[in-house]
S.K.: 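Below you'll find the structure I mean.
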Amino acid sequence: MLETTLCGITLKNPVIAASGTFGFGAEYSQFFDVGRLGGICSKGLTLHPREGNPGLRVWETPAGMMNSVGLQNPGIPVFLERELPRMRTLGTAIIANVGGDDLEDYVEGVQLLSNAEGIDIIELNISCPNVREGGMAFGIKCDAAASVVAAVRPVCAKPLMVKLSPNAEDIVAMAIACERAGADAVSLVNSFKALAIDIHTRKPVFDNVTAGLSGPCIKPIALRMVWEVASAVHIPVVGIGGIATWQDALEFIMAGATAVQVGSATFVKPTVMLDIVDGLERYCADEHLTSIATVCSILGTETPLP
Amino acid sequence: MLETTLCGITLKNPVIAASGTFGFGAEYSQFFDVGRLGGICSKGLTLHPREGNPGLRVWETPAGMMNSVGLQNPGIPVFLERELPRMRTLGTAIIANVGGDDLEDYVEGVQLLSNAEGIDIIELNISCPNVREGGMAFGIKCDAAASVVAAVRPVCAKPLMVKLSPNAEDIVAMAIACERAGADAVSLVNSFKALAIDIHTRKPVFDNVTAGLSGPCIKPIALRMVWEVASAVHIPVVGIGGIATWQDALEFIMAGATAVQVGSATFVKPTVMLDIVDGLERYCADEHLTSIATVCSILGTETPLP
Amino acid sequence: MTNLSPAYIEGATVLSQERLTEDVYRLTVATTTGGAPGQFYMVRAWEREPLLARPLSVHSVDEDTVSFLYQVRGRGTELLARLDEGGKVALTGPLGHGFHTEELCGRIAIVTGGIGIAPMFCLARTLPAGDVTVIAGFKSTPYAVAQFVDLGVDVRVATEDGCDGTRGFCTAIFDPHIYDMVVTCGPMSMMARVAHLCAEAGVPCQASLEAHMACGVGACLVCSCATVLGNQRVCADGPVFDAAEVVWHA
Amino acid sequence: MTNLSPAYIEGATVLSQERLTEDVYRLTVATTTGGAPGQFYMVRAWEREPLLARPLSVHSVDEDTVSFLYQVRGRGTELLARLDEGGKVALTGPLGHGFHTEELCGRIAIVTGGIGIAPMFCLARTLPAGDVTVIAGFKSTPYAVAQFVDLGVDVRVATEDGCDGTRGFCTAIFDPHIYDMVVTCGPMSMMARVAHLCAEAGVPCQASLEAHMACGVGACLVCSCATVLGNQRVCADGPVFDAAEVVWHA
Ligand SMILES: Cc1cc2nc3c(=O)[nH]c(=O)nc-3n(C[C@H](O)[C@H](O)[C@H](O)COP(=O)(O)OP(=O)(O)OC[C@H]3O[C@@H](n4cnc5c(N)ncnc54)[C@H](O)[C@@H]3O)c2cc1C
Ligand SMILES: Cc1cc2nc3c(=O)[nH]c(=O)nc-3n(C[C@H](O)[C@H](O)[C@H](O)COP(=O)(O)OP(=O)(O)OC[C@H]3O[C@@H](n4cnc5c(N)ncnc54)[C@H](O)[C@@H]3O)c2cc1C
Ligand SMILES: Cc1cc2nc3c(=O)[nH]c(=O)nc-3n(C[C@H](O)[C@H](O)[C@H](O)COP(=O)(O)O)c2cc1C
Ligand SMILES: Cc1cc2nc3c(=O)[nH]c(=O)nc-3n(C[C@H](O)[C@H](O)[C@H](O)COP(=O)(O)O)c2cc1C
Ligand code: FES
Ligand code: FES
């Protein structure tokens, strides 16, 4: 009932671990069979290894959290050699999330990943709010986004999913631009650019000043964006943002998401994604749905009132 | 210590009741002396009376709430006749918040308000997310915003504060455009466009589909926007969004806000604004500040790290 | 009865919490703020979450206490039900315009559905017992009816599952023609039916409406209901309205 | 000692909550998941808010229980302190790499600041009492030291206000030269000082680091600390590190 096809890849169910919140999958295998998930997005990868941001990296907010990890990762070559083989044993779809500072890095990175066996989908992160120059800019302006998608498209033999930023000037136009430039799917949203100030030191909490906000607090906005984007593009949409229960996941699916990603909620309860899978399964059974896809986009794209 | 000057108007303190959450001030006079506030923004006014939106108008979210009031108000002439005289007895600065569907309504509305005695500041709401056609559009595109500001400026003899939408494509550019078009101050943010779905009925919770998100959940994003805007304009900035404690208010002030507005938090505790005033006062005393303005913009406009 | 003006009380003490049925409780709180029949309080028994307080009618009142009769519906009422004696609640109230008791004379029917019975006990106490009939509908096991019997009030019960009284809706056992005045509280669809029956019979009817609320004091306009006079605020213009003036949707 | 692998336990029962000082508590929970000295649990005693669980070291452990010694610092620990016997907590753990007990031989100094003493009791229990000296610093009134004395361990106390033991910081009464091995836990600045003293004296030192955490299991990289090997995850690569490999900022 939950089997889902995303860009031609069959997922056991539409529940995917969001990038940066699930490592490379091994850590959470200690708690549950991660093979029961629809898929796992890797930690954001860059061509070269990165140490990430200095200073404090996490801060809590009402019903949310801010992070400033800054794409710390071992680099794509090390990922391919050391992490991917282990990920492939986990028994679920593997989505490689790739970030970058400039076009060349993106292209070279995607090329390496595209040639690797065992990666099912490449998720192009054009939206990390925690990296200065680069990254973010691609996520804000449509033409910048289109240019990076167009640049990686020719070297990407695998399904290409573009991860959008909620900080985009116009997320609908952004999604359409990515679709036109060759994206096979879009996923949204990444974290929101946000600020916290330590009133005692009179300084920003984060060295990088702003950081990315995620968690339940962002859900209503993320859901609106997913609905708007799903109403405007013809490629599949993967919904992300504050999903913590199967009801949340279902809202995103009804708004038009083919699948969903769960991030911060896993920190609250390591096994939350299994609860979501089980809840969606029960829902399908209770409602006599042969497939969860039946309720995908059921909200429609038309606004009921004039 | 808390006395604050905003566009030449002296406020007792920088704590103002946000539009739409405090009626015309009379309701909360039952609970405390609203004359202790820095100011009160009226419910959003339009030239003609409006019945507002049908259907459910409020929905809770994690650390927040969505509303779809849709500018229900008695119209500016009735406001001037019936509400303003009573507001003037409250002993605090009066800020008339004005919305509209088209340029003509804005201009005529502002003109009426501008001629009225007892109104200290006019807050131009170009950002209400709950009104179809009009309103919102002005809040999203810079040139639309600039055009409405430029249109009302000549008829507005009072200080003109423009209330910005967090849904703006580029809130910094928007603020600059409003400043250039003649705004004396900007206030931000209004509520975020958001969506909630009733999974049982498979329909949006709100007849209008989307509604405005406010409350503590939005604070980190609102604070970031206030800091960015305050770093870019030369006119005063009034900070709004999820402020519920004096520490929250102080963060906005440190980020560059001359004053703050408190909305949803008043629903949680009717007297919360007095707590905020008292807290800021204690803070000034404890830190030996002669004026709260000392810490305004203390965060600086430069980002500490490269 | 005069509507009282409200106060905000931060830490009112819970005097008792009684469980009446599976999901219905009576909570008594120490406060001298009182309330007229039909007025309500915004009640909060938690710190941060959910964000908003919950409106609950004054069920019973004396000089030092106010009681609420409530049904667990969601998160807020669930947290209320966890309160024990000595626990603290924040109260804003009494709020709103209650029943127009000065108009209540002759034979009076009180027609309620489910937890809509909550505001009626303090109302019935102010009326001559012999003139009053309570017609109360429940899904299943009735609750809070014995106290009306104790007042000497005639009580008739309907239950949807037939476990007590007449099987079916309370509107089936309500004949408006034999009353001079009707007051009603319950689900909107049931009140719409009562209002309709009363209108047909030409009997005046006061209805206590439901609406989701934020401020509870008339400042935010999220609780509006359509009336022939335009949108009214359930919290401040009501919650009790002349049923003939309400635009019923059901 | 072997680090144990973790589990997620939804509703572990509180067996006891003891208040040791104004703001220090010992919480004992029923769980068979155990833990090696220096390992920790992510602990949660609330439903939604704050969002994240809080890391607490294993203070004491046996087959059926784990105890935590904690200080109230903010919202999370405040909510923990409200737990009563019979209350429920959610636990994820035991997590991380604890002390390298196999390296702990000869004369051992355990140098702690404040609540940094928490993980040391279960460590001391595994060591030959006669070889161990605890050098514990506190702001004011010491806590949790008697239990070391009961083990036969030599305990020296320093307090900043001089109310007990030597006035000043614990580092003032710590001479690394007379020990073969040092373990430390406390505020980062204090551990940096201990690490420095040990490095100068050429004595190996293990430090249990602090960091704000989200996942606690190594998946999110928010808890990183700079080491000579690059950034390491405090939760999964530590919390115990060779002090010589840590890049101390203070
Ligand atoms: C003036 C007034 C007086 C009331 N008096 C009582 C009373 O004496 N006893 C009692 O049990 N209930 C009373 N209610 C209803 C009560 O306020 C709701 O049941 C309560 O707010 C539900 O909160 P929750 O968090 O438990 O449920 P939620 O999770 O918020 O919602 C659960 C269900 O209740 C509905 N609901 C939520 N809020 C309201 C609301 N304000 N009005 C109607 N339905 C709502 C939701 O749509 C949903 O179906 C009154 C309502 C009003 C407006
Ligand atoms: C591996 C590990 C083991 C720990 N073991 C113990 C223990 O056994 N007993 C104990 O009392 N404390 C221990 N701590 C510290 C404890 O986790 C924090 O005191 C706690 O998370 C504070 O939460 P709070 O909600 O009460 O405070 P908050 O409101 O979150 O913060 C209050 C203060 O504590 C600081 N703080 C918050 N989280 C952490 C953190 N994870 N590490 C360090 N400082 C933090 C904040 O910066 C702030 O200054 C340990 C920390 C780590 C990383
Ligand atoms: C600690 C942390 C690290 C993250 N790292 C990445 C990343 O490397 N690449 C990426 O595309 N998104 C990253 N994200 C964003 C998440 O994948 C997700 O888009 C966001 O958190 C919103 O979902 P949530 O509300 O369910 O957490 C990260 C989020 C968190 C909290
Ligand atoms: C019920 C409600 C009604 C509102 N009506 C208006 C309005 O009429 N005009 C306006 O400019 N803003 C209106 N707002 C927005 C608030 O003034 C404020 O900008 C927003 O709620 C964010 O602040 P907060 O998080 O403190 O509530 C309304 C907000 C709420 C919750
Ligand atoms: S709840 Fe705010 S006006 Fe009624
Ligand atoms: S807290 Fe997530 S990696 Fe350490």
S.K.: Counting only heavy atoms from other residues, nucleotides and ligands, does the tally under 6.0 Å from CD of D:Glu200 exceed 12?
M.R.: yes
S.K.: Is D:Arg44 close to A:Val268 at the side-chain level, that is, under 4.5 Å between some pair of heavy atoms?
M.R.: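 Result yes, sub-4.5 Å side-chain heavy-atom pair found.
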S.K.: Would you say that D:Cys215 contacts A:Glu27 through its side chain, given a criterion of any heavy-atom pair below 4.5 Å between the two side chains?
M.R.: no
S.K.: Which heavy-atom pair separates D:Ala214 from A:Met65 by the least distance, and what is that distance?
M.R.: CB-CE, 4.1 Å
S.K.: Nearest 0.5 angstrom please: A:Leu56 CG to D:Cys223 SG, how far?
M.R.: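 With rounding to 0.5 Å, CG (A:Leu56) is 11.5 Å from SG (D:Cys223).
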S.K.: Side chain, backbone, both or neither: which part of A:Phe31 has a heavy atom under 4.5 Å from chain D?
M.R.: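 Side chain only.
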S.K.: Does atom NZ (A:Lys203) have a neighbourhood of more than 12 heavy atoms from anything else shown, all under 6.0 Å?
M.R.: no
S.K.: With a 4.5 angstrom heavy-atom cut-off, is it the side chain or the backbone of A:Pro216 that approaches chain D, or both, or neither?
M.R.: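 Contact with chain D: side chain only.
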S.K.: How far apart are the C-alpha atoms of A:Glu60 and D:His212, what are their side-chain angles, what is the distance that settles it, and do they pass the side chain to side chain contact (heavy atoms under 4.5 Å, CB included) test?
M.R.: CA-CA 10 Å; A:Glu60 278 173 291; D:His212 288 245; over 6 Å; no
S.K.: With a 4.5 angstrom heavy-atom cut-off, could you sort out which part of D:Met42 is near chain A: side chain, backbone, both or neither?
M.R.: neither
S.K.: Contact part of D:Leu95 toward chain A, heavy-atom cut-off under 4.5 Å: side chain, backbone, both or neither?
M.R.: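 The side chain, not the backbone.
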S.K.: Keeping the roles fixed (side chain from A:Glu51, backbone from D:Gly230), state whether a donor-acceptor pair exists under 3.5 Å.
M.R.: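 The answer is no, because no donor-acceptor pair under 3.5 Å joins these two groups.
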S.K.: Measuring heavy-atom distances to chain D, does A:Thr21 have an atom under 4.5 Å in its side chain, in its backbone, in both, or in neither?
M.R.: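 For A:Thr21, the contact with chain D is made by the backbone alone.
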S.K.: Counting only heavy atoms from other residues, nucleotides and ligands, does the tally under 6.0 Å from NZ of D:Lys88 exceed 12?
M.R.: yes
S.K.: For atom CD of D:Glu103, decide whether the heavy atoms of other residues, nucleotides or ligands shown that lie under 6.0 angstrom number more than 12.
M.R.: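 Counting other residues, nucleotides and ligands, CD of D:Glu103 exceeds 12 neighbours.
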S.K.: Could you tell me whether a side-chain N or O of A:Arg57 sits under 3.5 Å from a main-chain N or O of D:Leu221, the two making a donor and an acceptor?
M.R.: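 Here the side-chain-to-backbone pair exists.
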S.K.: Report, as yes or no, whether the 6.0 Å neighbourhood of atom CZ on D:Arg19 holds more than 12 heavy atoms from other residues, nucleotides or ligands.
M.R.: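 More than 12 heavy atoms, drawn from other residues, nucleotides or ligands, come within 6.0 Å of this atom.
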S.K.: Using non-hydrogen atoms only, which part of A:Phe32 is less than 4.5 Å away from chain D: side chain, backbone, both, or neither?
M.R.: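 Contact with chain D involves no heavy atom of A:Phe32 at all.
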